[in-house]
There are 2 protein chains.
Amino acid sequence: MGRRSDHGREELEALILDTGREVMAESGYARFSAREVAKRIGYSVGTVMHVFGNVDGLVMEINARTFRHWSEWLEDRLEGTEGRGRILVLVRGYFDFAETHRNLWAAIYEHRVPEGMDMSETLAAQRVRLTGVIAREVAAVLPPNDAGDAAELTSSLIATVHGHCAFMLGGTFALLGVEHPAELAAARVMETLQARGALIGA
Amino acid sequence: MGRRSDHGREELEALILDTGREVMAESGYARFSAREVAKRIGYSVGTVMHVFGNVDGLVMEINARTFRHWSEWLEDRLEGTEGRGRILVLVRGYFDFAETHRNLWAAIYEHRVPEGMDMSETLAAQRVRLTGVIAREVAAVLPPNDAGDAAELTSSLIATVHGHCAFMLGGTFALLGVEHPAELAAARVMETLQARGALIGA
DNA sequence: TCGATAAATCGAACGCTGTACAATAAATAA
DNA sequence: TTATTTATTGTACAGCGTTCGATTTATCGA
């Protein structure tokens, strides 16, 4: 078969991405397969490869979508909460998203961009965007004079929460008998913010 | 060919494990291959499978070895440092080990035990052992009355350092312009310990 | 409207993977 | 010496990502 007109280019991209997301959510990164995606949408493997270059390209776009979804999920959760509670909403939201979308979340961290290939623009952009949401909230609770290295502090806080979340879903905490990882992470974040004189509980 | 007597059972296990470690260090988890291990030691694939059950079994034993090596590496580094510096040695040691043995370290966290299979005894044991080394040092700097939930605190501190380390090696920090991840992690750990009244700098 | 060009899609081939299993050879037990 | 257990092999299978020539269709120019 040659050129078809079932879907335009963008339409096809979206179709592959949607189905790719579906397969990733079901099977996880280890069992993810571009061939399976092709089968489900009724196109051949070659077409999928042609659109995304290679399977790593497809995975990166799926991960970019997950980041975008994650940002929106957090923004939604922030709505209705004012002042002091917003940081806690972010921490809990981080955990809840990861738990709810286990495989999609894990795929972000299980996928390594191969040497010689670089990270897709959209993936980098969405990753930075998610950080931006958190940075905004962190800056809001810090005293104005400390705004200088707020970006670095934000990165550190995200790393802290991420570490707890990764240990929870990876089973490390279960092995060590830790029962409430999210509360533990929240405690670490609050300690750090209070050490900086953040207006928590004000 | 049938039964040979080149190596005893334990000898063969060790040979596979050594070579497996070698392949993992060179290629990383994504490109790790039991067939490649078999080729290097001059046995067939079937034999490797027979000894370790399946490739996940082999990976878990390799990871268990990495944990053991890591514990010893940390103990070595602790020697010669007294009192206050020991916590910092642990934090730096965590980062240094991960950087020096990038692929071996990453394999620990990139491998997911498949559903229906459970984590090997030795892997769980070595993982707990590493935690034990750190828990001992944390308990040593905490005020005696706080020893109750020292285990949970230790897990939280490890998660914090792990998060920073994972972001460093995964490229997240580079993307966000963070330059000194180890110092950042150390700062978080010290904050937490000081909030508990730990005898740092005493 | 017709022809040339460009783009998209397929399907087969390639080399790789982990797994399963029957055949075989050697070590061990009786 | 014979029978039995055990280790090892090689092959077969289904799946994977990647590559690429062939084919069909859309698009553009004249």
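Source: prediction; values computed, not measured. Residue numbers begin at 1 in each chain, while the letters A, B, ... track the order of the sequences.
Side-chain N/O atoms of A/Arg4 include none lying less than 4.0 angstrom from OP1 or OP2 on D/dA26. Proximity of B/Thr47 to the phosphate of D/dT8: no side-chain N or O atom is located under 4.0 Å from OP1 or OP2. At the phosphate of C/dT17, OP1 or OP2 sits under 4.0 Å from a side-chain N or O atom of B/Ser33.
Atom-to-atom, CZ of B/Phe32 to P of C/dC16 comes out at 17 Å; the value is rounded to the nearest Å. Rounded to a whole Å, the CG atom of B/Asp56 is 16 Å from the P atom of C/dT17. The NE2-C1' distance, from A/His50 to D/dT23, rounds to 14 Å in whole Å. Computed from coordinates, the A/Arg9 CZ to D/dT25 C1' distance equals 16 Å when rounded to whole Å. The distance from atom CZ of A/Arg31 to atom P of D/dA14 is 18 Å, rounded to the nearest whole Å. Atoms CG (A/Asn54) and P (D/dC20) sit 14 Å apart, rounded to a whole Å. We find that NZ of A/Lys39 is positioned 16 Å from C1' of C/dC10, with the value rounded to whole Å. D/dC16 atom P lies 14 Å from atom OH of A/Tyr29, rounded to whole Å.
In the helix from C/dT1-D/dA30 to C/dA30-D/dT1, the rotation axis of the first five pairs and that of the last five pairs differ in direction by 10°, rounded to 10 degrees.
Look at A/Arg188 and B/Glu191 and you find no salt bridge, because none of the NZ, NE, NH1 or NH2 atoms lies under 4.0 Å from a carboxylate O. Between A/Glu36 and A/Arg31 there is no salt bridge, since none of the side-chain N atoms of the basic residue sits less than 4.0 Å from a carboxylate O of the acidic one. Using a cut-off of 4.0 Å between Lys/Arg side-chain N and Asp/Glu carboxylate O, B/Asp18 and B/Arg65 are scored as salt-bridged. Using a cut-off of 4.0 Å between Lys/Arg side-chain N and Asp/Glu carboxylate O, B/Glu75 and B/Arg136 are scored as salt-bridged.
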Trace of the side-chain hydrogen bond (donor to acceptor under 3.5 Å, both in side chains) decision for A/Thr66 with A/His101:
CA-CA 9 Å; A/Thr66 303; A/His101 306 93; over 6 Å; no

Just do the salt bridge (Lys or Arg N to Asp or Glu O under 4.0 Å) check on A/Arg40 and A/Glu22 with the steps written out, would you?
CA-CA 10 Å; A/Arg40 291 200 192 185; A/Glu22 188 181 292; 2.8 Å; yes

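Nearest nucleotide to the A/Tyr43 side chain, out of C/dG18, C/dT9, D/dG17: C/dT9. When the nucleotides D/dA7, D/dT9, C/dG18 are ranked by their closest atom to the side chain of B/Ser44, D/dT9 comes out on top. Each of C/dG18, D/dA7, D/dG17 was ranked by its minimum atom distance to the side chain of B/Met49; first place goes to C/dG18. Of the listed nucleotides (C/dT19, D/dA7, D/dG17), C/dT19 has the atom at the smallest distance from the side chain of B/Val45.
Contact annotation for A/Leu58: no contact, since no heavy-atom pair falls under 4.0 Å across all strands. Counting non-hydrogen atoms under 4.0 angstrom, A/Gly42 reaches the backbone sugars and phosphates but no base.
Proximity of A/His180 to B/Glu152: side-chain heavy atoms (C-beta onward) are nowhere separated by under 4.5 Å.
In this structure, a donor-acceptor pair under 3.5 Å is present between the side chains of B/His7 and B/Tyr43.
Mapped onto DNA chain C by nearest heavy atom, B/Arg35 and A/His7 fall at different nucleotides, with A/His7 at the one closer to the 5' end.
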